[in-house]
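Presented below is the structure to which this report refers.
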Amino acid sequence: MYAFLIRKYGDRFEIFRTCPRQLEILPKGYSKGHTLKRLMDMKGWNRDEVAAFGDGENDVSMFEEVDASFAMGNARDFIKEYAKYETASNADNGIVKGLERLGC
């Protein structure tokens, strides 16, 4: 289904796998990273002042906008390659452990 949707609609929509059996479809040019960047610009936050956590393909765009990017332990290996750090899984307080690693 993913490959079919990319071929048929990839020129008009952003299509991401959020997990093996779930897709996220957004208007072309929009993503979590795009939205995070907009929020950072509105608030005057620099990329070194924001951390991003994610476990799906739809989270990779956020990793590109910040210096502190964390792939959750339950993320697939190809997602982990995009993040600067890896933390514990969602079920094992991964966000808390990631923030502690940053000294928060």
Side-chain angles (χ1 to χ4, degrees):
M1 180 61 72
Y2 175 75
F4 167 78
L5 290 172
I6 291 289
R7 278 193 313 277
K8 184 150 177 90
Y9 301 107
D11 61 329
R12 294 183 288 168
F13 296 96
E14 300 291 349
I15 303 168
F16 305 100
R17 289 175 286 215
T18 56
C19 63
R21 298 186 62 175
Q22 185 177 343
L23 297 174
E24 180 176 290
I25 301 172
L26 301 169
K28 194 70 174 175
Y30 287 86
S31 65
K32 287 184 174 183
H34 175 265
T35 303
L36 177 59
K37 177 71 170 116
R38 248 182 108 180
L39 178 62
M40 290 166 56
D41 289 345
M42 286 172 31
K43 297 293 186 178
W45 299 333
N46 297 315
R47 60 181 295 117
D48 63 345
E49 297 175 303
V50 178
F53 293 82
D55 61 0
E57 184 179 325
N58 61 332
D59 298 315
V60 170
S61 62
M62 290 191 304
F63 297 167
E64 297 167 351
E65 299 298 335
V66 299
D67 292 342
S69 57
F70 289 85
M72 307 304 289
N74 55 292
R76 297 183 124 184
D77 288 339
F78 78 95
I79 302 302
K80 293 175 182 178
E81 292 175 17
Y82 290 97
K84 184 172 183 178
Y85 306 107
E86 184 178 339
T87 189
S89 73
N90 294 343
D92 193 27
N93 295 318
I95 292 177
V96 171
K97 290 175 180 176
L99 291 173
E100 287 172 345
R101 181 175 184 167
L102 294 176
C104 298

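One-based numbering along the sequence shown. Hydrogens, waters and symmetry mates are skipped; everything else that's a heavy atom, side chains included, is used.
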- [ ] Answer yes or no: are there more than 12 heavy-atom neighbours, outside Lys8 itself, under 6.0 Å from its atom NZ?
- [x]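 At most 12 heavy atoms, drawn from other residues, nucleotides or ligands, come within 6.0 Å of this atom.
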For [X] and [Y], which heavy atoms make the closest approach, and how far apart are they?
{"X": "Ala83", "Y": "Ser69", "answer": "CA-OG, 3.4 Å"}
{"X": "Gly54", "Y": "Ala75", "answer": "O-CB, 4.4 Å"}
{"X": "Lys97", "Y": "Asp92", "answer": "NZ-OD2, 3.0 Å"}
{"X": "Phe53", "Y": "Met62", "answer": "O-CE, 3.5 Å"}

Open item on the list: Closer than 4.0 angstrom, basic N to acidic O: yes or no for Asp59 and Lys32?
Closed with: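 Answer for the salt bridge query: yes.
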Under a single-linkage definition using a 4.5 Å side-chain heavy-atom cutoff for Ile, Leu, Val, Met, Phe, Trp and Tyr, are [X] and [Y] assigned to the same hydrophobic cluster?
{"X": "Met1", "Y": "Ile25", "answer": "yes"}
{"X": "Tyr2", "Y": "Phe13", "answer": "yes"}
{"X": "Trp45", "Y": "Leu36", "answer": "yes"}

- [ ] Say whether, by atom type as modelled, one donor and one acceptor occur between the side chain of Lys84 and the main chain of Val66 under 3.5 angstrom.
- [x]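 Not at all, since once roles are kept as given, no pair shorter than 3.5 Å links the two residues.
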Open item on the list: Any side-chain to backbone donor/acceptor pair from Glu86 onto Ala71? Under 3.5 Å, distance only.
Closed with: no
- [ ] List for me each residue that meets side-chain contact (heavy atoms from CB on, under 4.5 Å) alongside Tyr82, sequence neighbours excluded, and say none if there are none.
- [x]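 Partners of Tyr82 under the side-chain contact (heavy atoms from CB on, under 4.5 Å) test: Val60, Phe63.
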If I take atom [atom1] from residue [X] and atom [atom2] from residue [Y], how far apart are they, to the nearest 0.5 angstrom?
{"X": "Glu24", "Y": "Arg17", "atom1": "CD", "atom2": "CZ", "value": "13.0 Å"}
{"X": "Phe4", "Y": "Arg7", "atom1": "CZ", "atom2": "CZ", "value": "7.5 Å"}
{"X": "Leu23", "Y": "Asn58", "atom1": "CG", "atom2": "CG", "value": "10.0 Å"}
{"X": "Met72", "Y": "Ile95", "atom1": "CE", "atom2": "CD1", "value": "5.0 Å"}
{"X": "Thr87", "Y": "Asp55", "atom1": "OG1", "atom2": "CG", "value": "12.0 Å"}
{"X": "Glu64", "Y": "His34", "atom1": "CD", "atom2": "NE2", "value": "13.0 Å"}

Open item on the list: Suppose clustering is done on Ile, Leu, Val, Met, Phe, Trp and Tyr with side-chain heavy atoms closer than 4.5 Å. Which residues sit in the same group as Leu26?
Closed with: Phe16, Tyr30
TODO: May I have the step-by-step check of salt bridge (charged side-chain N to carboxylate O under 4.0 Å, His left out) for Lys37 and Glu65, ending in yes or no?
DONE: CA-CA 6 Å; Lys37 177 71 170 116; Glu65 299 298 335; 5.1 Å; no
TODO: Give the intermediate values and the outcome of side-chain contact (heavy atoms from CB on, under 4.5 Å) for residues Arg38 and Asp41.
DONE: CA-CA 5 Å; Arg38 248 182 108 180; Asp41 289 345; 5.6 Å; no
Open item on the list: Once salt bridge (Lys or Arg N to Asp or Glu O under 4.0 Å) is applied, do any residues pair with Glu100, and if so which ones, sequence neighbours excluded?
Closed with: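 Partners of Glu100 under the salt bridge (Lys or Arg N to Asp or Glu O under 4.0 Å) test: none.
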